[in-house]
Amino acid sequence: MKYAIGFLAVFLLGCSGDNTAGSRVFVSEDLTILGNPSILGEPSGTPEDPSSFIRTSGGVDSQSELALTGLVVSVRVLGENATELGASETACTPVEIAPGGSCTFTSSTVLDSVDFRTSQRIEITPKCDQGMGKLRAIPVVWPDP
């Protein structure tokens, strides 16, 4: 009887711990931009008053074991010396995903007073109500007109 109680105590104490503590915490590396996003630049102004926009689209992937809500993508367009030329934030479709799910985005970033060809890098950051995902920086080289 003494052995049965000792075994039962070890079994109950050893199995009652919560072994999911690490898996239920948001980690930024678990929310990433999928593959190679599409980046398209288009002029919308005149040579005297240049303006343009950059459309960025792609997918967001979650490796998190959490359901994520409020999914958005933040896009920053940077020029020479990392000068910010424009920024935007766009909701993903869908804005809520199950654990391990994915969503898509299409973002238009307006560049006032500059041609899109002055941009040198696009930074895309997925975000959700649970935290900020992993930033993805993409260098861009535009063909001559």
Side-chain angles (χ1 to χ4, degrees), residues 6-145:
F7 174 77
L8 185 58
V10 169
F11 177 77
L12 290 175
L13 291 174
C15 294
S16 66
D18 180 12
N19 62 358
T20 62
S23 65
R24 304 300 287 174
V25 176
F26 181 81
V27 178
S28 65
E29 286 78 16
D30 286 346
L31 188 61
T32 59
I33 300 298
L34 284 172
N36 294 317
S38 170
I39 299 172
L40 174 68
E42 293 187 34
S44 58
T46 63
E48 297 80 32
D49 186 20
S51 65
S52 56
F53 67 93
I54 293 179
R55 182 171 295 129
T56 310
S57 60
V60 176
D61 183 52
S62 171
Q63 295 299 315
S64 176
E65 293 184 20
L66 298 172
L68 302 179
T69 60
L71 284 151
V72 297
V73 171
S74 174
V75 176
R76 286 183 31 168
V77 178
L78 304 174
E80 190 173 334
N81 298 321
T83 303
E84 185 174 293
L85 303 176
S88 63
E89 190 167 282
T90 304
C92 295
T93 304
V95 295
E96 297 180 6
I97 57 175
S102 62
C103 59
T104 60
F105 67 93
T106 298
S107 175
S108 290
T109 307
V110 176
L111 309 178
D112 289 326
S113 304
V114 295
D115 185 272
F116 70 90
R117 290 176 193 89
T118 61
S119 62
Q120 296 180 355
R121 188 172 75 197
I122 311 289
E123 291 182 346
I124 309 170
T125 307
K127 301 177 183 179
C128 62
D129 293 338
Q130 291 72 24
M132 187 177 300
K134 187 173 180 183
L135 178 137
R136 171 101 178 261
I138 303 168
V140 291
V141 178
W142 302 101
D144 291 331

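Numbers for residues simply follow the sequence, beginning at 1.
A distance of 6.5 Å separates CG in Leu71 from CG in Leu31, rounded to the nearest 0.5 Å. With values rounded to the nearest 0.5 angstrom, Arg121 atom CZ is found 5.0 Å from Leu78 atom CG. Here the CD1 atom belonging to Ile138 is positioned 7.0 Å from the CG atom belonging to Asn36, to the nearest 0.5 angstrom. A distance of 5.5 Å separates CD1 of Ile124 from CD1 of Ile39, quoted to the nearest 0.5 Å. Atoms NZ and CD, on Lys134 and Glu29 in that order, are 6.0 Å from each other to the nearest 0.5 Å.
A pairwise comparison of heavy atoms in Cys128 and Phe26 identifies SG-CE1, 3.7 Å as the closest pair. For the pair Glu42 and Ser52, the tightest heavy-atom approach, listed with the atom from each and the gap, is O-CB, 3.1 Å. Here the closest non-hydrogen pair linking Val72 and Ala91 is CG1-CA, 3.9 Å. Residue Ser74 comes nearest to Glu89 through the heavy atom pair CB-OE1, 4.1 Å, listed as atom of the first residue, atom of the second, then distance. Here the closest non-hydrogen pair linking Gly100 and Asp61 is O-OD1, 4.5 Å.
The closest side-chain donor-acceptor pair between Gln130 and Thr69 falls under 3.5 angstrom.
Electrostatic pairing of Arg76 and Glu84 counts as a salt bridge here, judged by a charged N lying under 4.0 Å from a carboxylate O.
By the side-chain hydrogen bond (donor to acceptor under 3.5 Å, both in side chains) test, Thr109 is found to be paired with Ser88, residues two or more places apart in sequence or in another chain being considered.
Using modelled atom types, no side-chain atom of Thr90 and backbone atom of Ser107 make a donor-acceptor pair closer than 3.5 Å. Side-chain atoms of Ser62 come within 3.5 Å of backbone atoms of Ser64 as a donor-acceptor pair (strictly under, hydrogens ignored). With hydrogens and angles disregarded, a donor-acceptor distance shorter than 3.5 Å links the side chain of Trp142 to the backbone of Phe116. Remark: side-chain polar atoms of Asp115 are paired, donor with acceptor, to backbone N or O of Arg117 under 3.5 angstrom.
With respect to Val75, the side chain to side chain contact (heavy atoms under 4.5 Å, CB included) criterion is satisfied by exactly one of Ile122, Ile54, Thr125: Ile122.
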With side-chain contact (heavy atoms from CB on, under 4.5 Å) as the criterion, how do Arg55 and Thr106 come out once you've worked through the C-alpha distance, each side chain's angles and the decisive distance to 0.1 Å?
CA-CA 7 Å; Arg55 182 171 295 129; Thr106 298; 4.0 Å; yes
Are Ile97 and Cys103 close enough, and set up right, to give a side-chain contact (heavy atoms from CB on, under 4.5 Å), and what steps lead you there?
CA-CA 7 Å; Ile97 57 175; Cys103 59; 4.2 Å; yes
Residue pair Phe105, Thr56: steps toward the side-chain contact (heavy atoms from CB on, under 4.5 Å) verdict
CA-CA 8 Å; Phe105 67 93; Thr56 310; 4.0 Å; yes
Verdict with supporting geometry, Ser51 and Ser44, side-chain hydrogen bond (donor to acceptor under 3.5 Å, both in side chains)
CA-CA 6 Å; Ser51 65; Ser44 58; 3.3 Å; yes
Trace of the side-chain contact (heavy atoms from CB on, under 4.5 Å) decision for Leu34 with Val60
CA-CA 5 Å; Leu34 284 172; Val60 176; over 6 Å; no
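Taking the side chain as every heavy atom from C-beta outward, Arg136 and Glu123 never approach each other to under 4.5 Å. Under the 4.5 Å side-chain criterion, counting only non-hydrogen atoms from C-beta, Leu66 is in contact with Leu68.
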